[in-house]
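Note that the structure is predicted; figures quoted are calculated from it, not measured.
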Amino acid sequence: MKLESKLSEVGMNLKSSLIRELLKYASVPGSISFGGGVPDPNTFPRHELAEIAKEVIEKEYAYTLQYNTTEGDDELAKQMIKLLERVYGITGLDRSNLLFTTGSQQALDLLARVLLDRDSICFVEFPVYLGAASAFRMTFTKFETIPLLDDGMDVDYLERKLKELDQAGKLKHVKFIYTVPNFHNPAGVTMSLEKRKRLIEIAERYGIPILEDDPYGLLRFEGEHLPSLYKLAGPDRVILLNTFSKILTPGLRIGVIIGRADIVRKATLAKQAADLCSPSLNQRIAARFLERYDLLEYLKPGIELYKKKKDTMIKALEENFSDIKGAKWVNPQGGLFVWFTLPEGYDTMEMFEIAKEKKIYYIPGEAFTIDDSKSSSMRLSFCLPPEEKIIEGVKRLKEVVVEYGKKKGLM
(Lines give C-alpha, C1' and ligand atoms only; values in the text may rest on other atoms or scores of the structure.)
Protein backbone atom coordinates (compact mmCIF):
# COMPACT_ATOMS: atom_id res chain seq x y z
CA MET A 1 0.00 0.00 0.00
CA LYS A 2 1.25 3.43 -0.90
CA LEU A 3 0.75 5.70 2.09
CA GLU A 4 0.41 8.80 -0.10
CA SER A 5 -2.75 7.40 -1.66
CA LYS A 6 -4.43 7.20 1.75
CA LEU A 7 -3.30 10.46 3.28
CA SER A 8 -5.63 13.41 3.68
CA GLU A 9 -4.67 16.84 2.42
CA VAL A 10 -3.64 17.73 5.96
CA GLY A 11 -1.59 14.54 6.23
CA MET A 12 0.18 15.31 2.98
CA ASN A 13 0.96 18.81 4.22
CA LEU A 14 2.55 17.75 7.52
CA LYS A 15 6.27 18.26 7.95
CA SER A 16 8.71 17.99 10.81
CA SER A 17 9.47 21.05 12.92
CA LEU A 18 12.63 22.70 11.64
CA ILE A 19 13.65 23.50 15.20
CA ARG A 20 13.29 19.86 16.27
CA GLU A 21 15.39 18.72 13.30
CA LEU A 22 18.15 21.24 13.98
CA LEU A 23 18.31 20.53 17.71
CA LYS A 24 19.11 16.87 17.11
CA TYR A 25 22.72 18.01 16.81
CA ALA A 26 22.71 19.71 20.21
CA SER A 27 23.29 16.39 22.02
CA VAL A 28 26.69 15.92 20.37
CA PRO A 29 29.42 15.86 23.07
CA GLY A 30 31.16 19.22 23.41
CA SER A 31 28.33 21.12 21.77
CA ILE A 32 26.82 24.39 23.00
CA SER A 33 23.21 25.05 22.12
CA PHE A 34 21.47 28.41 21.92
CA GLY A 35 18.60 26.58 20.22
CA GLY A 36 15.52 25.49 22.14
CA GLY A 37 13.63 27.71 24.57
CA VAL A 38 14.24 25.16 27.31
CA PRO A 39 14.03 26.51 30.88
CA ASP A 40 16.98 25.94 33.21
CA PRO A 41 16.08 22.81 35.27
CA ASN A 42 17.60 24.49 38.33
CA THR A 43 14.58 26.80 38.35
CA PHE A 44 12.13 23.90 38.80
CA PRO A 45 10.68 23.50 42.34
CA ARG A 46 11.37 19.77 42.23
CA HIS A 47 11.31 19.14 45.98
CA GLU A 48 8.03 20.98 46.52
CA LEU A 49 6.43 19.29 43.51
CA ALA A 50 7.65 15.87 44.65
CA GLU A 51 6.01 16.30 48.04
CA ILE A 52 2.78 17.56 46.53
CA ALA A 53 2.72 14.72 43.98
CA LYS A 54 3.08 12.07 46.69
CA GLU A 55 0.36 13.67 48.77
CA VAL A 56 -2.22 14.14 46.01
CA ILE A 57 -1.70 10.60 44.73
CA GLU A 58 -2.13 9.07 48.20
CA LYS A 59 -4.85 11.35 49.57
CA GLU A 60 -6.69 12.53 46.45
CA TYR A 61 -6.29 9.38 44.36
CA ALA A 62 -9.99 9.12 43.59
CA TYR A 63 -9.59 12.32 41.57
CA THR A 64 -5.94 12.47 40.52
CA LEU A 65 -5.81 8.88 39.16
CA GLN A 66 -9.23 9.01 37.53
CA TYR A 67 -10.55 10.43 34.25
CA ASN A 68 -11.02 14.18 34.37
CA THR A 69 -13.36 16.59 32.60
CA THR A 70 -12.42 18.16 29.28
CA GLU A 71 -12.29 21.63 30.87
CA GLY A 72 -9.69 20.60 33.46
CA ASP A 73 -9.29 20.85 37.22
CA ASP A 74 -11.70 23.18 39.04
CA GLU A 75 -9.18 23.63 41.86
CA LEU A 76 -6.60 24.85 39.37
CA ALA A 77 -9.22 27.17 37.87
CA LYS A 78 -9.75 28.76 41.29
CA GLN A 79 -6.03 29.36 41.70
CA MET A 80 -5.66 30.61 38.14
CA ILE A 81 -8.44 33.16 38.58
CA LYS A 82 -6.66 34.48 41.70
CA LEU A 83 -3.34 34.59 39.87
CA LEU A 84 -4.78 36.45 36.88
CA GLU A 85 -6.30 39.07 39.17
CA ARG A 86 -3.03 39.49 41.07
CA VAL A 87 -0.71 39.56 38.05
CA TYR A 88 -2.84 41.15 35.32
CA GLY A 89 -5.52 42.92 37.33
CA ILE A 90 -8.11 40.89 35.43
CA THR A 91 -11.36 40.56 37.36
CA GLY A 92 -14.82 39.15 36.73
CA LEU A 93 -13.65 35.71 35.57
CA ASP A 94 -15.47 32.50 36.43
CA ARG A 95 -15.04 28.84 35.51
CA SER A 96 -16.69 29.30 32.12
CA ASN A 97 -13.91 31.67 31.02
CA LEU A 98 -11.08 29.13 31.37
CA LEU A 99 -10.07 26.00 29.47
CA PHE A 100 -6.91 24.12 30.45
CA THR A 101 -4.93 22.60 27.61
CA THR A 102 -1.94 20.34 27.11
CA GLY A 103 0.52 23.20 26.88
CA SER A 104 -0.15 26.40 24.99
CA GLN A 105 0.50 24.57 21.71
CA GLN A 106 -2.79 22.70 22.10
CA ALA A 107 -4.49 26.02 22.82
CA LEU A 108 -3.20 27.37 19.50
CA ASP A 109 -4.35 24.22 17.72
CA LEU A 110 -7.84 24.33 19.25
CA LEU A 111 -8.37 27.99 18.39
CA ALA A 112 -7.21 27.31 14.85
CA ARG A 113 -9.79 24.53 14.60
CA VAL A 114 -12.70 26.71 15.75
CA LEU A 115 -11.74 30.02 14.09
CA LEU A 116 -9.91 29.22 10.85
CA ASP A 117 -10.68 27.49 7.56
CA ARG A 118 -9.33 27.51 4.03
CA ASP A 119 -10.83 30.90 3.17
CA SER A 120 -9.63 32.54 6.37
CA ILE A 121 -6.98 35.22 6.78
CA CYS A 122 -5.03 35.63 10.00
CA PHE A 123 -2.53 38.35 10.84
CA VAL A 124 0.73 37.32 12.50
CA GLU A 125 3.88 39.22 13.39
CA PHE A 126 7.06 38.82 11.35
CA PRO A 127 9.14 37.01 12.45
CA VAL A 128 6.40 34.67 13.66
CA TYR A 129 6.39 32.19 16.53
CA LEU A 130 6.87 28.85 14.79
CA GLY A 131 4.39 26.93 16.99
CA ALA A 132 1.60 29.33 16.11
CA ALA A 133 2.37 29.22 12.39
CA SER A 134 2.38 25.41 12.51
CA ALA A 135 -1.02 25.29 14.21
CA PHE A 136 -2.60 27.85 11.88
CA ARG A 137 -1.20 26.15 8.75
CA MET A 138 -3.21 23.01 9.53
CA THR A 139 -6.34 24.75 8.26
CA PHE A 140 -4.66 26.05 5.07
CA THR A 141 -5.37 29.60 6.17
CA LYS A 142 -3.85 32.60 4.41
CA PHE A 143 -1.32 34.67 6.34
CA GLU A 144 -0.76 38.39 6.46
CA THR A 145 2.50 39.26 8.21
CA ILE A 146 3.05 42.46 10.18
CA PRO A 147 6.66 43.65 10.55
CA LEU A 148 8.02 43.93 14.08
CA LEU A 149 9.76 47.12 15.16
CA ASP A 150 11.74 47.81 18.34
CA ASP A 151 8.54 48.65 20.22
CA GLY A 152 6.34 45.88 18.81
CA MET A 153 4.31 45.36 15.67
CA ASP A 154 4.07 48.03 13.01
CA VAL A 155 0.48 49.06 13.67
CA ASP A 156 0.52 51.56 10.81
CA TYR A 157 1.28 48.70 8.42
CA LEU A 158 -1.50 46.63 10.02
CA GLU A 159 -3.98 49.45 9.53
CA ARG A 160 -3.02 49.88 5.87
CA LYS A 161 -3.42 46.16 5.15
CA LEU A 162 -6.82 46.03 6.86
CA LYS A 163 -7.96 49.04 4.86
CA GLU A 164 -6.83 47.31 1.64
CA LEU A 165 -8.69 44.11 2.55
CA ASP A 166 -11.79 46.11 3.45
CA GLN A 167 -11.74 47.92 0.11
CA ALA A 168 -11.29 44.56 -1.67
CA GLY A 169 -14.30 43.10 0.16
CA LYS A 170 -12.13 40.57 2.01
CA LEU A 171 -12.36 41.91 5.56
CA LYS A 172 -14.93 39.26 6.49
CA HIS A 173 -12.26 36.60 5.97
CA VAL A 174 -9.95 38.11 8.61
CA LYS A 175 -10.44 35.97 11.72
CA PHE A 176 -7.92 37.36 14.22
CA ILE A 177 -4.65 39.21 14.85
CA TYR A 178 -2.10 37.01 16.66
CA THR A 179 0.52 38.71 18.81
CA VAL A 180 3.14 37.91 21.46
CA PRO A 181 3.32 41.36 23.09
CA ASN A 182 5.79 40.60 25.88
CA PHE A 183 9.38 39.56 25.07
CA HIS A 184 8.41 38.20 21.69
CA ASN A 185 9.46 34.73 20.56
CA PRO A 186 11.70 34.91 18.59
CA ALA A 187 12.26 38.68 18.25
CA GLY A 188 12.61 39.57 21.95
CA VAL A 189 10.81 42.93 21.60
CA THR A 190 7.97 44.19 23.81
CA MET A 191 4.96 46.07 22.52
CA SER A 192 4.74 49.58 23.97
CA LEU A 193 1.67 50.75 25.88
CA GLU A 194 0.90 53.26 23.13
CA LYS A 195 0.91 50.50 20.52
CA ARG A 196 -1.23 48.22 22.70
CA LYS A 197 -3.90 50.90 22.85
CA ARG A 198 -3.58 51.62 19.14
CA LEU A 199 -3.84 47.91 18.26
CA ILE A 200 -7.02 47.61 20.30
CA GLU A 201 -8.48 50.71 18.64
CA ILE A 202 -7.76 49.31 15.17
CA ALA A 203 -9.14 45.89 16.06
CA GLU A 204 -12.33 47.42 17.43
CA ARG A 205 -12.78 49.65 14.37
CA TYR A 206 -12.53 46.69 12.01
CA GLY A 207 -14.29 44.19 14.30
CA ILE A 208 -11.41 41.71 14.58
CA PRO A 209 -10.48 39.63 17.64
CA ILE A 210 -6.94 39.71 19.05
CA LEU A 211 -5.25 36.47 20.06
CA GLU A 212 -2.79 37.46 22.82
CA ASP A 213 -0.11 34.84 23.59
CA ASP A 214 1.75 35.60 26.83
CA PRO A 215 4.03 32.72 27.90
CA TYR A 216 6.84 34.99 29.16
CA GLY A 217 5.04 37.93 30.77
CA LEU A 218 6.10 37.03 34.32
CA LEU A 219 9.76 36.71 33.30
CA ARG A 220 10.49 40.45 33.28
CA PHE A 221 14.07 41.45 34.17
CA GLU A 222 13.81 45.21 33.87
CA GLY A 223 11.42 47.98 32.89
CA GLU A 224 7.85 48.58 33.97
CA HIS A 225 5.05 46.03 33.83
CA LEU A 226 2.64 46.80 30.99
CA PRO A 227 -1.06 45.93 31.10
CA SER A 228 -2.15 42.98 28.99
CA LEU A 229 -4.28 43.51 25.93
CA TYR A 230 -6.97 41.44 27.67
CA LYS A 231 -6.92 43.82 30.64
CA LEU A 232 -7.11 46.86 28.36
CA ALA A 233 -9.80 45.61 25.99
CA GLY A 234 -11.67 42.81 27.79
CA PRO A 235 -13.01 39.46 26.57
CA ASP A 236 -15.15 40.88 23.78
CA ARG A 237 -12.00 41.82 21.89
CA VAL A 238 -9.16 39.62 23.23
CA ILE A 239 -8.53 35.91 23.80
CA LEU A 240 -5.59 35.39 26.18
CA LEU A 241 -3.30 32.35 26.13
CA ASN A 242 -1.06 31.48 29.04
CA THR A 243 1.10 28.58 30.19
CA PHE A 244 2.93 27.17 33.20
CA SER A 245 5.78 25.83 31.04
CA LYS A 246 8.11 28.80 31.54
CA ILE A 247 7.07 29.83 35.05
CA LEU A 248 6.68 26.46 36.81
CA THR A 249 7.81 23.50 34.72
CA PRO A 250 7.16 22.42 31.12
CA GLY A 251 6.87 18.79 32.19
CA LEU A 252 3.40 19.39 33.61
CA ARG A 253 2.23 20.45 30.12
CA ILE A 254 -0.38 22.95 31.30
CA GLY A 255 -1.65 25.80 29.16
CA VAL A 256 -4.85 27.81 29.45
CA ILE A 257 -7.26 29.70 27.21
CA ILE A 258 -8.88 32.71 28.88
CA GLY A 259 -11.75 34.33 27.05
CA ARG A 260 -15.43 34.90 26.53
CA ALA A 261 -17.52 31.94 27.66
CA ASP A 262 -18.93 31.13 24.23
CA ILE A 263 -15.46 31.06 22.63
CA VAL A 264 -14.09 28.91 25.46
CA ARG A 265 -17.04 26.55 25.02
CA LYS A 266 -16.29 26.07 21.33
CA ALA A 267 -12.64 25.36 22.12
CA THR A 268 -13.79 22.86 24.77
CA LEU A 269 -15.87 20.98 22.20
CA ALA A 270 -12.83 20.83 19.91
CA LYS A 271 -10.76 19.53 22.81
CA GLN A 272 -13.28 16.76 23.44
CA ALA A 273 -12.58 15.42 19.98
CA ALA A 274 -8.82 15.78 20.45
CA ASP A 275 -8.18 14.19 23.86
CA LEU A 276 -11.52 13.95 25.71
CA CYS A 277 -10.06 14.34 29.23
CA SER A 278 -7.52 16.66 30.80
CA PRO A 279 -4.76 15.07 32.94
CA SER A 280 -6.05 15.15 36.51
CA LEU A 281 -2.75 14.50 38.24
CA ASN A 282 -0.69 17.18 36.51
CA GLN A 283 -3.28 19.89 37.04
CA ARG A 284 -3.98 19.05 40.68
CA ILE A 285 -0.24 19.16 41.44
CA ALA A 286 -0.11 22.64 39.91
CA ALA A 287 -3.24 23.70 41.82
CA ARG A 288 -1.81 22.64 45.17
CA PHE A 289 1.49 24.37 44.40
CA LEU A 290 -0.29 27.65 43.66
CA GLU A 291 -2.41 27.18 46.77
CA ARG A 292 0.60 26.73 49.08
CA TYR A 293 3.36 28.84 47.56
CA ASP A 294 3.68 32.40 46.35
CA LEU A 295 4.48 31.95 42.66
CA LEU A 296 5.78 35.49 42.24
CA GLU A 297 8.23 35.09 45.14
CA TYR A 298 9.27 31.68 43.87
CA LEU A 299 10.05 33.16 40.43
CA LYS A 300 12.46 35.82 41.72
CA PRO A 301 15.63 33.65 41.85
CA GLY A 302 14.90 32.25 38.39
CA ILE A 303 14.37 35.74 36.96
CA GLU A 304 17.66 36.86 38.46
CA LEU A 305 19.39 33.82 36.98
CA TYR A 306 17.97 34.51 33.52
CA LYS A 307 18.88 38.19 33.77
CA LYS A 308 22.50 37.29 34.48
CA LYS A 309 22.56 34.91 31.53
CA LYS A 310 20.97 37.49 29.25
CA ASP A 311 23.45 40.17 30.34
CA THR A 312 26.29 37.72 29.77
CA MET A 313 25.09 37.02 26.23
CA ILE A 314 24.61 40.70 25.39
CA LYS A 315 28.09 41.55 26.70
CA ALA A 316 29.59 38.66 24.71
CA LEU A 317 27.84 39.85 21.54
CA GLU A 318 29.15 43.38 22.11
CA GLU A 319 32.70 42.12 22.62
CA ASN A 320 32.68 39.79 19.62
CA PHE A 321 30.46 41.45 17.01
CA SER A 322 30.82 45.22 17.46
CA ASP A 323 33.45 45.20 14.72
CA ILE A 324 31.05 43.72 12.16
CA LYS A 325 29.23 46.59 10.52
CA GLY A 326 25.50 45.91 10.24
CA ALA A 327 25.35 43.24 12.95
CA LYS A 328 22.66 44.06 15.51
CA TRP A 329 20.74 42.39 18.30
CA VAL A 330 17.73 42.99 20.53
CA ASN A 331 18.43 43.44 24.24
CA PRO A 332 15.19 42.04 25.72
CA GLN A 333 13.60 43.26 28.95
CA GLY A 334 12.55 39.70 29.77
CA GLY A 335 11.82 36.29 28.31
CA LEU A 336 14.34 33.79 27.01
CA PHE A 337 15.62 34.97 23.61
CA VAL A 338 17.94 37.37 21.83
CA TRP A 339 17.20 38.07 18.15
CA PHE A 340 20.52 38.51 16.35
CA THR A 341 20.75 39.87 12.81
CA LEU A 342 23.81 39.77 10.56
CA PRO A 343 24.51 42.08 7.61
CA GLU A 344 22.70 41.63 4.32
CA GLY A 345 24.02 38.68 2.33
CA TYR A 346 24.23 36.27 5.22
CA ASP A 347 21.99 33.19 5.13
CA THR A 348 21.89 31.74 8.64
CA MET A 349 20.33 28.49 7.43
CA GLU A 350 23.16 27.87 5.00
CA MET A 351 25.65 29.05 7.64
CA PHE A 352 24.32 26.38 10.02
CA GLU A 353 26.50 23.78 8.26
CA ILE A 354 29.60 25.58 9.53
CA ALA A 355 28.02 25.97 12.97
CA LYS A 356 27.57 22.19 13.16
CA GLU A 357 31.28 21.71 12.52
CA LYS A 358 32.12 24.06 15.38
CA LYS A 359 29.42 22.55 17.62
CA ILE A 360 27.51 25.77 18.23
CA TYR A 361 23.77 25.71 17.54
CA TYR A 362 21.14 28.39 17.02
CA ILE A 363 17.79 28.60 15.23
CA PRO A 364 18.06 30.24 11.78
CA GLY A 365 15.63 33.07 11.09
CA GLU A 366 14.17 31.09 8.20
CA ALA A 367 12.39 28.91 10.77
CA PHE A 368 10.29 31.92 11.77
CA THR A 369 9.08 32.87 8.30
CA ILE A 370 5.81 31.86 6.70
CA ASP A 371 7.32 31.09 3.30
CA ASP A 372 10.69 29.62 4.37
CA SER A 373 12.45 32.64 2.92
CA LYS A 374 16.18 33.19 3.49
CA SER A 375 17.10 35.20 6.55
CA SER A 376 20.22 36.86 7.94
CA SER A 377 18.80 36.61 11.47
CA MET A 378 18.90 33.90 14.14
CA ARG A 379 17.32 33.24 17.51
CA LEU A 380 19.70 32.76 20.42
CA SER A 381 18.32 31.25 23.62
CA PHE A 382 20.26 32.07 26.78
CA CYS A 383 18.09 30.25 29.30
CA LEU A 384 19.72 26.79 29.40
CA PRO A 385 23.55 27.09 29.04
CA PRO A 386 25.60 28.23 32.06
CA GLU A 387 27.30 31.61 31.76
CA GLU A 388 30.72 30.22 30.85
CA LYS A 389 29.14 28.23 28.01
CA ILE A 390 27.35 31.35 26.78
CA ILE A 391 30.68 33.20 26.56
CA GLU A 392 32.37 30.30 24.76
CA GLY A 393 29.34 29.78 22.50
CA VAL A 394 29.34 33.40 21.29
CA LYS A 395 33.09 33.12 20.53
CA ARG A 396 32.40 30.02 18.44
CA LEU A 397 29.55 31.84 16.73
CA LYS A 398 31.95 34.65 15.76
CA GLU A 399 34.25 32.05 14.18
CA VAL A 400 31.28 30.69 12.23
CA VAL A 401 30.25 34.14 11.01
CA VAL A 402 33.79 35.06 9.95
CA GLU A 403 34.36 31.77 8.12
CA TYR A 404 31.03 32.04 6.30
CA GLY A 405 31.56 35.71 5.53
CA LYS A 406 34.95 35.08 3.96
CA LYS A 407 33.64 32.07 2.03
CA LYS A 408 30.84 34.22 0.54
CA GLY A 409 32.98 37.30 -0.02
CA LEU A 410 31.09 39.29 2.59
CA MET A 411 34.18 40.13 4.66
Side-chain angles (χ1 to χ4, degrees), residues 68-116 122 129 131-132 135-136 175-183 185 191 196 199-200 203-204 208-219 225-248 252-272 274 278-279 282-283 286-287 289-291 295-296:
N68 195 2
T69 62
T70 305
E71 293 84 352
D73 186 13
D74 288 345
E75 289 298 316
L76 182 56
K78 292 178 184 177
Q79 298 302 322
M80 190 70 197
I81 289 170
K82 292 178 182 178
L83 184 65
L84 289 166
E85 182 171 359
R86 181 182 178 191
V87 173
Y88 293 96
I90 295 172
T91 58
L93 296 175
D94 61 35
R95 187 66 185 89
S96 66
N97 300 119
L98 276 68
L99 171 64
F100 292 106
T101 59
T102 305
S104 58
Q105 187 61 33
Q106 186 184 49
L108 291 165
D109 176 71
L110 295 176
L111 289 170
R113 290 170 187 252
V114 301
L115 296 176
L116 298 174
C122 69
Y129 169 52
F136 303 159
K175 297 302 180 72
F176 57 75
I177 303 163
Y178 172 77
T179 179
V180 184
N182 295 318
F183 327 126
N185 179 7
M191 189 185 296
R196 292 173 194 234
L199 171 60
I200 291 167
E204 288 182 343
I208 301 169
I210 299 169
L211 189 52
E212 178 182 17
D213 198 354
D214 189 31
Y216 314 104
L218 288 181
L219 300 181
H225 169 79
L226 296 174
S228 70
L229 295 165
Y230 189 101
K231 169 64 177 176
L232 292 170
D236 284 340
R237 185 58 51 207
V238 181
I239 305 166
L240 174 61
L241 305 185
N242 216 305
T243 178
F244 287 96
S245 291
K246 304 302 189 292
I247 60 175
L248 189 56
L252 290 175
R253 305 305 300 132
I254 301 175
V256 61
I257 298 172
I258 302 123
R260 215 170 65 184
D262 55 349
I263 295 173
V264 170
R265 178 59 181 165
K266 282 294 183 181
T268 303
L269 295 176
K271 189 173 186 295
Q272 286 178 356
S278 292
N282 297 15
Q283 293 183 11
F289 182 88
L290 293 178
E291 185 179 55
L295 179 63
L296 301 188

(request) Nearest 0.5 Å please: distance from the CG atom of Asp74 over to the CG atom of Asn68. (result) 8.0 Å
(request) Report yes if some heavy atom in the side chain of Phe244 is under 4.5 Å from a heavy atom in the side chain of Leu290; otherwise report no. (result) yes
(request) Using only heavy-atom distances, determine whether the side chains of Asn242 and Tyr230 contain a donor-acceptor pair under 3.5 Å. (result) no
(message) When you measure from the side chain of Glu212 to the backbone of Leu229, do you find a donor-acceptor pair of N or O atoms at a distance under 3.5 Å?
(response) yes
(message) Using every non-hydrogen atom in the two residues, find where Thr179 and Met191 come nearest and quote the distance to one decimal.
(response) OG1-CE, 3.4 Å
(request) Compare every heavy atom of Asn282 with every heavy atom of Leu252, then report the nearest pair and how far apart it is. (result) O-ND2, 3.0 Å
(message) Does any part of the side chain of Arg95, heavy atoms only, come nearer than 4.5 Å to the side chain of Met80, both counted from C-beta?
(response) no
(message) Pair Leu110, Leu99 - check side chain to side chain contact (heavy atoms under 4.5 Å, CB included), show working.
(response) CA-CA 11 Å; Leu110 295 176; Leu99 171 64; 4.1 Å; yes
(message) Please evaluate residues Ile263 and Lys266 with respect to the criterion side chain to side chain contact (heavy atoms under 4.5 Å, CB included), reporting the C-alpha separation (whole Å), side-chain torsions for both, the decisive distance (0.1 Å), and the verdict.
(response) CA-CA 5 Å; Ile263 295 173; Lys266 282 294 183 181; 5.8 Å; no
(request) State, to 0.1 Å, how close Ala135 and Ala112 come at their nearest heavy-atom pair, and which atoms those are. (result) O-CB, 3.7 Å
(message) I'd like to know if the side chain of Asn97 and the backbone of Arg260 have a donor-acceptor N/O pair within less than 3.5 Å.
(response) no
(request) Output the distance between atom CZ (Phe183) and atom CG (Asp214), rounded to the nearest 0.5 Å. (result) 8.0 Å
(request) Kindly say whether Tyr216 contributes a backbone atom to a donor-acceptor pair with the side chain of Asn182 at under 3.5 angstrom? (result) no
(request) Might you point out which heavy atoms bring Gln79 and Ala287 nearest each other, and give the distance in Å? (result) CG-O, 3.6 Å
(message) Quick check against the 3.5 Å criterion: does Lys246 have a side-chain atom that pairs as donor or acceptor with the backbone of Pro215?
(response) no
(message) Whether the side chain of Arg196 engages the backbone of Pro227 through a donor-acceptor N/O pair (distance < 3.5 Å, no angle test) should be reported.
(response) yes
(request) Keeping the roles fixed (side chain from Arg86, backbone from Gly89), state whether a donor-acceptor pair exists under 3.5 Å. (result) no
(message) Which heavy atom of Gly72 sits nearest to which heavy atom of Gln283, and what is that distance?
(response) CA-OE1, 3.2 Å
(request) Give, for atom CD of Gln106 and atom OG of Ser278, the distance between the pair rounded to the nearest 0.5 Å. (result) 7.5 Å
(message) Is it the case that the side chain of Arg237 and the backbone of Ile210 share a donor-acceptor pair, with hydrogens and angles ignored and the cut-off at 3.5 Å?
(response) no
(request) Quick one: pull up CD1 in Ile81 and OG1 in Thr91 and give me the separation to the nearest 0.5 Å. (result) 11.5 Å
(message) Using a 3.5 Å distance criterion without hydrogens, assess whether the side chain of Ser228 forms a donor-acceptor pair with backbone atoms of Lys231.
(response) yes
(request) Mind checking the CG-CD1 spacing from Leu199 to Ile177? Nearest 0.5 Å is all I need. (result) 5.5 Å
(request) Could you grab the distance from atom CG of Leu241 to atom CD1 of Ile257, nearest 0.5 Å is fine? (result) 6.0 Å
(request) Taking all non-hydrogen atoms of both residues into account, name the closest pair between Lys271 and Phe100 and its distance. (result) CE-O, 3.1 Å
(request) Go through the steps to decide whether Phe176 and Phe136 satisfy the test ring pair (Phe, Tyr, Trp, His ring centres under 6.0 Å), and finish with yes or no. (result) CA-CA 11 Å; Phe176 57 75; Phe136 303 159; 5.1 Å; yes
(request) Please answer whether the main-chain N or O of Ile254 pairs with a side-chain N or O of Thr243 as donor and acceptor at a distance below 3.5 Å. (result) yes
(message) Under the rule for salt bridge (Lys or Arg N to Asp or Glu O under 4.0 Å), what residues qualify as partners of Asp109, not counting sequence neighbours?
(response) Arg113
(request) Check step by step if side chain to side chain contact (heavy atoms under 4.5 Å, CB included) holds for Leu211 and Leu115. (result) CA-CA 11 Å; Leu211 189 52; Leu115 296 176; 5.7 Å; no
(request) Compute whether any side-chain donor of one residue and acceptor of the other, for Asp213 and Tyr129, lie under 3.5 angstrom apart. (result) no
(message) Quick test of your reading of the model: are Glu75 and Lys78 salt-bridged, counting only N-O distances below 4.0 Å?
(response) yes
(message) If you define the side chain from C-beta out and look only at heavy atoms, does anything of Leu76 sit under 4.5 Å from Val256?
(response) no
